[in-house]
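Data first, discussion second: the structure below is written as structure tokens.
Throughout, numbering of the chain's residues begins at 1 and tracks the sequence.
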Amino acid sequence: MAVEYEFGGPFGAAAIIFGLPVLLIAFAFGCNDVSGCPVPSLLNPQSLTWAGVKADTGLLNADVTTLFSWDAMLISVGYYVFNLFLWRVLPAQEIYGTKLKHHGRPLQYRFNSFFSSLVILAICGAGSYLQGAEFVVWTYISDNYVQLLTANILIAYALSIFVYANSFTVDTKYPNRDMRELATGGVTGNMIYDFYIGRELNPRVTLPFLGEVDIKTWCEFCPGLTLWALLDLAFIARQYRNYGYISDSILFTTAVQAYYVFSSQYGESVILTMMDTTTDGMGFMLSFGDLVWVPFLYSTQCRYLSTYPLHLGWTRIIAFVAIFVLGLYIFRAANNQKHMFRTDPANPAVANLSSIQTKRGTRLLTSGWWGISRHINYFGDWLQALPFSLPTGLAGYMILPAGTILAGDSEGLRMVDGRVVVQDSAAGWGMVFTYFYVLYFGTLLIHREGRDDAMCAKKYGEDWKTYKRIVRWKIIPWVY
């Protein structure tokens, strides 16, 4: 049987494995609080030189400590250990997942990331009460952002190598006593691709005191999401240290992102029926995504606003809230309707919705939210993520030396050390950084829809073709 690849196959997997860490480091240096966002040399492509880029980013006379420090590595490892400790000692919801393909029985999962975050935030709240914006956690994150990024990249690589190597100890004579399985798409035989996509479906490790830890679900909700919230708060503290006030733009961005983080953690058990748990293996894709990509990319907007504050005003805040609430409503309403249709089809809210009967014995909704498009929930998910970037406006800024005389009305903002932050010719160029998340997330959802379509085509056969003729649109009605 021919091997089926996703993500561009081995070449695409290799590009992601080695390219994404470089991209995040480039983002960290290319949009900074020393020379600008983007750095000045990137504003003049015709005279662009590597020497100029190194000078603007601070890499001209840099050494290894610019990227890596042992204390950042130890602090990062300590952060993960502390999260594991909280996972073990705090009250938790213990739930069985879906039945495993080769065992016919489910695994049990332990969930309490929401309470873990509350404890960590309570500690940081107490520190902020005592030390204000100078609280050591906030200052350390700001002063060692790149080193922390590098440390987490290395941890993600290490975890990926471990789960890949450990997957070869799985007993493939199913059922086995450990209830371990290999992911269907992760055993192609190509080392690079399997390392990326993940060979083992549900890798677990038994640790002293902690007991058995399900690596995938713990990584998905515990350390990375909480770190995202901590990074946002650290950037709020930095803005206050720089300017003596906190802008409504950074407060709004942090609020909507915090809602995303904590609502996800509060309802984390939903992952048990998602593709991440039921289908995908645990490899570099999830390790890097959970531990690095989510916290460090998704906090880019607050990092930008900590250096270039914007005042939104109530009109724009209300408009952004409306977009967020609309997206949240579509996302929740569509998912709830599908869940109710599957679990309580006689409920009056879904009993009269049209559907088609499949040969597998299940039904596919063709009306209600799911009659509008096949993945209307993805559209809602993208809409509620759009306000993450909107508060940065026409992003971009330049940082000029102290004593610079500005011509005209450039609305400069003076920092504590006297440097001047203005948009000037940088206006719009910073959107490459602050709006990247929105573009990436849209691309991810389109790709995920394609993966789901291929899976459903195999699962339902001709019935899926019939369904697609009735529900024409993939995600956005009348658009895509």
Side-chain angles (χ1 to χ4, degrees), residues 15-73 75-76 139-157 227-228 231-232 234-235 238-239 242 288 291-308 389 392 395-401 415 417 419-437 439-440:
I16 294 173
I17 290 169
F18 299 107
L20 290 191
V22 173
L23 177 65
L24 287 182
I25 291 173
F27 267 39
F29 284 104
C31 178
N32 62 55
D33 61 345
V34 176
S35 58
C37 181
V39 294
S41 53
L42 296 179
L43 296 175
N44 299 290
Q46 67 276 12
S47 58
L48 184 65
T49 64
W50 177 235
V53 171
K54 289 197 293 183
D56 288 343
T57 56
L59 293 173
L60 194 59
N61 300 308
D63 56 24
V64 68
T65 59
T66 304
L67 290 172
F68 175 83
S69 70
W70 282 109
D71 64 296
M73 174 60 76
I75 286 171
S76 296
T139 57
Y140 188 87
I141 288 174
S142 297
D143 297 341
N144 300 272
Y145 175 81
V146 173
Q147 292 87 346
L148 289 170
L149 170 60
T150 303
N152 282 272
I153 288 173
L154 294 176
I155 290 170
Y157 273 120
L227 180 57
W228 176 9
L231 288 169
D232 281 355
F235 295 135
R238 183 167 76 175
Q239 186 187 88
N242 285 340
F288 185 84
L291 306 184
V292 187
W293 190 253
V294 166
F296 287 92
L297 177 68
Y298 292 14
S299 60
T300 298
Q301 294 84 11
C302 285
R303 181 168 174 260
Y304 170 88
L305 291 168
S306 70
T307 301
Y308 191 77
S389 297
T392 64
Y397 58 77
M398 300 172 67
I399 300 180
L400 307 177
M415 300 181 70
D417 61 4
R419 294 177 301 156
V420 179
V421 184
V422 295
Q423 282 209 301
D424 201 35
S425 59
W429 290 99
M431 296 174 72
V432 172
F433 303 95
T434 64
Y435 286 79
F436 179 84
Y437 164 74
L439 296 175
Y440 149 76

Could you go through the side-chain contact (heavy atoms from CB on, under 4.5 Å) check for Tyr298 and Leu231 one step at a time?
CA-CA 10 Å; Tyr298 292 14; Leu231 288 169; over 6 Å; no
From OG (Ser142) to CZ (Arg238), nearest 0.5 Å
5.0 Å
Find the distance between CE (Met73) and CG (Leu148) and round it off to the nearest 0.5 Å.
10.0 Å
Looking at Tyr397 and Gly430, would you say the former's side chain and the latter's main chain have a donor-acceptor pair under 3.5 Å?
no
Knowing that exactly one of Phe235, Phe296, Phe433 qualifies, which makes a side chain to side chain contact (heavy atoms under 4.5 Å, CB included) with Arg303?
Phe235
Between OH on residue Tyr304 and SG on residue Cys31, distance to nearest 0.5 Å
7.5 Å
Determine whether Asn242 and Val421 satisfy the following criterion, side-chain contact (heavy atoms from CB on, under 4.5 Å), listing intermediate values before the conclusion.
CA-CA 11 Å; Asn242 285 340; Val421 184; over 6 Å; no
Minimum side-chain heavy-atom gap Thr66-Phe29 below 4.5 Å
yes
Are side-chain heavy atoms of Phe288 and Ile16 found at a separation under 4.5 Å?
no
For residues Ser299 and Pro295, report the shortest heavy-atom separation together with the two atoms involved.
OG-O, 2.7 Å
Residues Asn44 and Pro40: closest non-hydrogen pair is ND2-O, 3.8 Å
Any side-chain heavy-atom pair of Thr307 and Ile399 under 4.5 Å:
yes
Close side-chain approach of Thr392 and Tyr435, heavy atoms under 4.5 Å
yes
Can you find a pair of side-chain heavy atoms, one from Phe27 and one from Leu149, that are under 4.5 Å apart?
no
Distance-minimising heavy-atom pair for Asn32 and Val39
ND2-CG1, 3.4 Å
When rounded to the nearest 0.5 Å, the distance separating OG1 of Thr150 from OH of Tyr145 is 10.0 Å
Looking at every non-hydrogen atom in both residues, tell me the closest pair between Pro21 and Tyr157 and how far apart they are.
CG-OH, 3.3 Å
Which is it for Phe436 and Thr300 under the side-chain contact (heavy atoms from CB on, under 4.5 Å) test, yes or no, and what are the steps along the way?
CA-CA 9 Å; Phe436 179 84; Thr300 298; over 6 Å; no
Where do Gln423 and Ala395 come nearest, in terms of heavy atoms and distance?
NE2-C, 3.9 Å
Is Leu20 close to Val292 at the side-chain level, that is, under 4.5 Å between some pair of heavy atoms?
no
Would you say that Asn144 contacts Ile75 through its side chain, given a criterion of any heavy-atom pair below 4.5 Å between the two side chains?
no
Taking C-beta and beyond as the side chain, do Tyr308 and Cys37 meet within less than 4.5 Å on heavy atoms?
no
Taking atom CH2 as the centre, does Trp429 end up with more than 12 heavy-atom neighbours from other residues, nucleotides or ligands that are less than 6.0 angstrom away?
no
Kindly give the heavy-atom pair with the smallest separation between Ser76 and Ile155, and that separation in Å.
CB-CD1, 3.8 Å
Approximate separation, where rounding is to 0.5 Å, of Leu24 CG and Trp293 CH2:
5.0 Å
